[in-house]
Amino acid sequence: MTQYTARLTGAVPFNLQETFECGQCFRWLPGDDGSYTGVVGRNVITLRTDGDDLLVAGLDQAEAEQRLIPYLALDEDYAAIQEQFRRNTQLAQAVDYARGIRVLRQDRWEALCSFIISQNNNIKRIRGIVETLCNTWGEPLPGGRSSFPGPEVLASLTEEDLQPLRSGFRAKYILDAARKTASGEVDLDHVASLPTEEAAAELCRIRGVGIKVAHCALLYGFHRIECLPVDVWMKRVMSTMYPQGLPEELLPYAGIAQQYLFHYSRSHPELFEA
DNA sequence: CGCCAGGTATGAT
DNA sequence: ATCATACATGGC
């Protein structure tokens with residue numbers, strides 16, 4: 001029986017399933033009662049909806065507010081963002097399909113590393129590889145979960161060491177990212193201070209990080225909500241819905257628009273045929 | 001079995 | 001600059 005120890009009030013709009021299963025994160029698992037359990041830093045956290053509130057297990061009230069309000073983007077004005085999005089007919093459909101999506105503020109390194117693994121891969125297998133990565137090199141946490149291993153831990157490994165991960169050609173990319181990040185050759189704090197375009201260029205110095213992975217890392221790990229990752233699904237969306245590109249007034253929130261569109265297109269593949 | 005997956009690096013036009 | 005292809009592995 002889960003003991004909920006904190007409550008976040010007024011989490012609207014917010015939906016756990018839509019937020020955790022829309023493809024932005026890979027480590028939140030559904031319970032049998034509508035709850036979700038995941039790892040934030042060194043904490044195993046369970047969340048459950050109670051009306052307009054979120055019940056939190058794994059943190060006390062002060063920690064929950066301090067850590068989860070930013071993590072869950074509860075400080076972002078989604079009412080205003082959605083109101084803007086609804087003025088666009090195409091986007092309105094996607095928003096109405098999953099009104100409870102929020103783009104999370106994840107850990108920078110975790111987002112970068114996870115989306116390196118994501119390239120030319122399917123989400124089911126990404127989840128498996130990330131979980132194995134954590135269980136093998138992260139620190140054990142309650143409930144059989146593990147922390148996401150820091151770059152300094154992975155930096156000392158070899159491709160051979162990573163073989164059990166079954167990450168294929170991405171292994172060398174993971175190691176290059178770990179080494180450059182751990183050494184400060186690519187300094188994520190510095191990246192965070194750069195203008196978006198320069199930040200992306202800096203991340204692209206890592207082997208296996210191209211513009212799409214860089215934009216994912218920036219959007220999900222640095223909360224640069226103007227970043228628009230374009231993968232195979234978004235290519236279909238853009239060509240069928242926005243052949244002229246996203247309307248200019250949406251560009252400041254392109255990353256969030258992308259999240260609704262990405263989720264909608266994956267759920268309605270027939271609408272976006274080649 | 002064959003095609004595809006939240007792409008990128010590399011080498012050829 | 002733009003375009004094709006290889007890349008590891010496994011889901012479906």
Side-chain angles (χ1 to χ4, degrees), chain A residues 17-28 94 97-98 101-104 106-133 136 148 157-181 186 200-242 246 254-274:
Chain A
Q17 180 176 3
E18 290 169 356
T19 294
F20 293 139
E21 297 191 16
C22 68
Q24 64 174 321
C25 57
F26 304 102
R27 298 201 68 204
W28 284 89
Y97 175 71
I101 289 178
R102 290 210 180 214
V103 172
L104 302 169
Q106 300 178 247
D107 174 78
R108 292 166 184 170
W109 163 249
E110 177 171 344
L112 172 61
C113 190
S114 297
F115 280 92
I116 286 172
I117 292 167
S118 80
Q119 67 180 82
N120 194 229
N121 211 341
N122 61 67
I123 290 183
K124 180 98 174 182
R125 201 163 79 94
I126 298 164
R127 297 185 105 99
I129 291 171
V130 169
E131 206 58 25
T132 301
L133 181 77
T136 307
F148 198 96
L157 302 177
T158 65
E159 272 190 64
E160 196 173 74
D161 293 329
L162 286 192
Q163 179 58 29
L165 200 56
R166 312 299 292 158
S167 60
F169 62 88
R170 305 165 194 84
K172 61 176 70 69
Y173 300 160
I174 295 168
L175 292 180
D176 192 58
R179 288 171 185 153
K180 285 182 174 147
T181 303
V186 175
E202 193 64 15
L203 291 175
C204 285
R205 293 173 54 206
I206 296 165
R207 282 316 216 190
V209 175
I211 193 61
K212 190 272 179 180
V213 169
H215 280 163
C216 283
L218 288 171
L219 174 59
Y220 302 122
F222 296 76
H223 209 66
R224 295 293 178 94
I225 60 174
E226 72 276 23
C227 283
L228 175 64
V230 179
D231 71 320
V232 291
W233 294 96
M234 282 305 294
K235 278 185 185 131
R236 293 169 197 151
V237 169
M238 295 308 291
S239 66
T240 61
M241 291 177 88
Y242 299 101
L246 270 192
I256 295 177
Q258 173 267 159
Q259 200 62 51
Y260 293 107
L261 292 166
F262 172 80
H263 183 60
Y264 182 69
S265 68
R266 279 175 47 89
S267 308
H268 303 82
E270 71 284 355
L271 298 179
F272 301 89
E273 288 193 15

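Lettering of chains follows the sequences in order, A, B, ..., and the numbering in each one begins at 1. Computed over heavy atoms, backbone and side chain alike; hydrogens, waters and symmetry mates excluded.
Annotation: C/dT2 and B/dG6 have their C1' atoms spaced 23 Å apart (nearest Å). B/dC4 and C/dA4 have their P atoms separated by 16 Å, given to the nearest Å. When the P atom is used for both C/dA8 and B/dG11, the distance is 14 Å, rounded to whole Å.
Applying the salt bridge (charged side-chain N to carboxylate O under 4.0 Å, His left out) test to every pair with at least one member in residues 121-132 of chain A, sequence neighbours left out, gives these pairs: A/Arg27-A/Glu131, A/Glu131-A/Arg145.
The salt bridge (charged side-chain N to carboxylate O under 4.0 Å, His left out) test with A/Asp176 is passed by exactly one of A/Arg179, A/Lys172, A/Lys180: A/Lys180.
Protein chain A touches strand DNA chain C; the 5'-most and 3'-most nucleotides with an atom under 4.0 angstrom of its non-hydrogen atoms are C/dC7 to C/dG11.
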Side-chain donor-acceptor pairs of residues 201-210 of chain A under 3.5 Å, sequence neighbours excluded:
unit_1, atom_1, unit_2, atom_2, d
A/Glu202, OE2, A/Arg205, NH1, 2.6
A/Arg205, NH1, A/Glu185, O, 3.2

Show me the side-chain donor-acceptor pairs of residues 160-169 of chain A shorter than 3.5 Å, one per line, residues at least two apart or across chains.
unit_1, atom_1, unit_2, atom_2, d
A/Asp161, OD2, A/Thr158, N, 2.8
A/Asp161, OD2, A/Thr158, OG1, 3.1

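Every residue two or more places apart in sequence or in another chain that forms a side-chain contact (heavy atoms from CB on, under 4.5 Å) with A/Met241 is listed here: A/Gln90, A/Val237, A/Leu261, A/Phe272. Applying the ring pair (Phe, Tyr, Trp, His ring centres under 6.0 Å) rule to A/Tyr220 yields the partners A/Phe115; only residues at least two apart in sequence or on another chain are considered. Legend: residues meeting ring pair (Phe, Tyr, Trp, His ring centres under 6.0 Å) with A/His223, ordered by chain and number and at least two apart, are absent. Evaluation of the side chain to side chain donor-acceptor pair (under 3.5 Å) rule for A/Gln119 yields no partner, not counting sequence neighbours.
Residue A/Lys235 is classed as having no contact, given no heavy-atom separation below 4.0 Å to the nucleic acid.
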Between the protein and nucleotides 6-8 of chain B, list the N/O to N/O atom pairs that are separated by less than 3.5 angstrom.
unit_1, atom_1, unit_2, atom_2, d
B/dG6, OP1, A/Ile123, N, 2.4
B/dG6, OP2, A/Trp233, NE1, 3.4
B/dG6, OP2, A/Arg266, NH1, 2.9
B/dG6, O4', A/Asp231, OD2, 3.2
B/dG6, N7, A/Gly23, O, 2.7
B/dG6, O6, A/Gly23, O, 3.0
B/dG6, O6, A/Tyr220, OH, 2.7
B/dG6, O6, A/Gln259, NE2, 3.3
B/dG6, N1, A/Tyr220, OH, 3.2
B/dG6, N1, A/Gln258, OE1, 2.6
B/dG6, N2, A/Pro229, O, 3.4
B/dG6, N2, A/Gln258, OE1, 2.4
B/dG7, OP2, A/Asn120, N, 3.1
B/dG7, O5', A/Asn120, N, 3.2
B/dT8, OP1, A/Gly210, N, 2.8
B/dT8, OP1, A/Gly210, O, 3.1
B/dT8, OP1, A/Lys212, N, 3.4
B/dT8, OP1, A/Val213, N, 3.0
B/dT8, O4', A/Gln119, NE2, 3.3

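Looking at which nucleotide of DNA chain B each of A/Cys204 and A/Arg125 is closest to, the 5′-most match is held by A/Arg125.
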